[in-house]
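Values below: every heavy atom of this structure, side chains too, minus hydrogens, waters and symmetry copies.
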Amino acid sequence: MTMIYTNRLLGLLVAAMFIPLLMNAQCETLSIPYSSSVKEGGKVVYQGPQVFGLGWEENGAMAYMVHGVHQSTQTQYSLILVQDMVTDNKIEMLYLDKDVDASYVHDPCSVMERSDVKEKLKKHKIQSSDLGVFHATRIYTPYQFKLVVEPTRFACSAGEKVDASKYALNFYRGEEFIKTIGSDVGGEKHLNILGYISSPLEDRLAVIVETQMTACGKDKTFADIAIYGCKVN
């Protein structure tokens, strides 16, 4: 009996030691820092935002947080997005500006304790314990993506156009071209595939592209992101 009691006690102690680790693993976020910024004269004038995965829904939607700096006011912002990775439509957005906390950048799990965030994730049946895995495409992965870029002009008004780049995001399996999963017009100087997040619920990816978007007026360019869903089977 003494041996059984001792074993049970040891089991409880081990479980108590691992509970915080399990909770941290469940709340682990996917941080994707930008690899570049918008520079003028060698000085950084705009830093791109960061993305944090918050979970997936079994029919292809992914929830994530974007934290960055407003271009005009230079103040921080955080927002929650739920995006349908089948259609690429953003189906929900929640700004957190009223109670923005810079600690979200260092511990984004804290944002999931907010009642308004919990409500949104529950509404869309997001499973926050299934965040998926981030794969940086600068190293070899089972799935590869390439950007096909060609120069174009972006119309600011009837009489004003600026240089830009038209891009198509292509999906490859090895060297075999499979399909184009997205396209848009971005800035003239910079386009970059950061990587992809794989859903743990189905064979679907969320591919993240860093763009230097083209704008008109005082602010000519700013760093941004575009995320495209990709079914891989």
Side-chain angles (χ1 to χ4, degrees), residues 22 24-35 48-66 79-94 108-109 111-112 117-118 120-150 165-186 190-211 213 224-233:
L22 291 172
N24 288 337
Q26 181 175 345
C27 194
E28 182 183 358
T29 55
L30 300 163
S31 175
I32 307 167
Y34 265 49
S35 58
Q50 290 179 292
V51 179
F52 303 92
L54 299 180
W56 285 79
E57 184 264 341
E58 62 182 9
N59 291 320
M62 185 181 76
Y64 56 97
M65 182 179 75
V66 177
L79 60 92
I80 304 296
L81 289 162
V82 180
Q83 181 172 332
D84 185 337
M85 293 302 167
V86 179
T87 64
D88 289 337
N89 293 331
K90 295 178 177 64
I91 53 181
E92 185 78 71
M93 183 180 295
L94 173 66
C109 288
V111 77
M112 298 174 73
V117 174
K118 287 182 177 180
K120 295 298 181 186
L121 297 181
K122 182 178 180 181
K123 173 184 174 182
H124 294 285
K125 300 179 180 179
I126 298 294
Q127 300 184 36
S128 57
S129 60
D130 294 316
L131 302 180
V133 178
F134 174 70
H135 303 269
T137 50
R138 64 178 179 273
I139 59 178
Y140 179 79
T141 59
Y143 308 112
Q144 296 292 316
F145 299 88
K146 296 179 183 178
L147 287 167
V148 178
V149 182
E150 60 183 67
S165 296
K166 181 179 180 181
Y167 70 85
L169 177 62
N170 292 337
F171 167 45
Y172 290 78
R173 188 176 284 110
E175 295 297 321
E176 180 188 3
F177 168 78
I178 304 299
K179 58 185 174 182
T180 298
I181 64 170
S183 61
D184 205 343
V185 174
H190 182 74
L191 288 167
N192 182 38
I193 302 172
L194 293 180
Y196 63 83
I197 299 172
S198 58
S199 170
L201 305 176
E202 60 173 338
D203 294 327
R204 190 175 302 280
L205 312 175
V207 187
I208 305 170
V209 177
E210 177 187 23
T211 68
M213 297 302 292
D224 203 354
I225 60 169
I227 299 182
Y228 300 95
C230 177
K231 185 75 170 175
V232 296
N233 61 6

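Residues S183 and A168 approach most closely at CB-CA, 4.0 Å, considering heavy atoms. The heavy-atom pair separating V207 from Y196 by the smallest distance is CA-CB, 4.0 Å. The shortest non-hydrogen separation linking I227 to D88 is O-OD1, 4.2 Å. Taking each heavy atom of Y167 and A226 in turn, the nearest pair found is OH-CB, 3.9 Å.
The number of heavy atoms from other shown groups lying within 6.0 Å of NZ (K231) is above 12. Remark: K122 NZ is loosely packed, at most 12 non-hydrogen atoms of other residues, nucleotides or ligands lying under 6.0 Å away.
The structure places CZ of R173 at 8.0 Å from CG of N233, a figure rounded to the nearest 0.5 Å. Note: I208 CD1 to I193 CD1 = 11.5 Å, rounded to the nearest 0.5 Å. Residue D184 holds its CG atom at 11.0 Å from CG of L169, rounded to the nearest 0.5 Å. Going from atom CD1 of I80 over to atom NZ of K120 covers 11.0 Å, rounded to the nearest 0.5 Å. Here H124 contributes atom NE2 and Q83 contributes atom CD; the two are 12.5 Å apart, rounded to the nearest 0.5 Å. Rounding to the nearest 0.5 Å places CG of L81 at 11.0 Å from CE of M65.
Test L201, V82, I197, I126 against M62 for side chain to side chain contact (heavy atoms under 4.5 Å, CB included) and you get one pass: I197.
Although no hydrogens or angles enter the test, the distance criterion places a donor-acceptor pair under 3.5 Å between the side chain of E202 and the main chain of G60. Side chain of D84 to backbone of V86: a donor-acceptor contact under 3.5 angstrom is found.
In this structure, the side chains of N59 and K125 stay at 4.5 Å or more apart for every pair of heavy atoms. Looking only at side-chain heavy atoms (C-beta outward), W56 and M85 come within less than 4.5 Å of each other. Proximity of C230 to Y143: side-chain heavy atoms (C-beta onward) are nowhere separated by under 4.5 Å.
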side-chain contact (heavy atoms from CB on, under 4.5 Å) assessment of I181 paired with F145: CA-CA 10 Å; I181 64 170; F145 299 88; 3.9 Å; yes

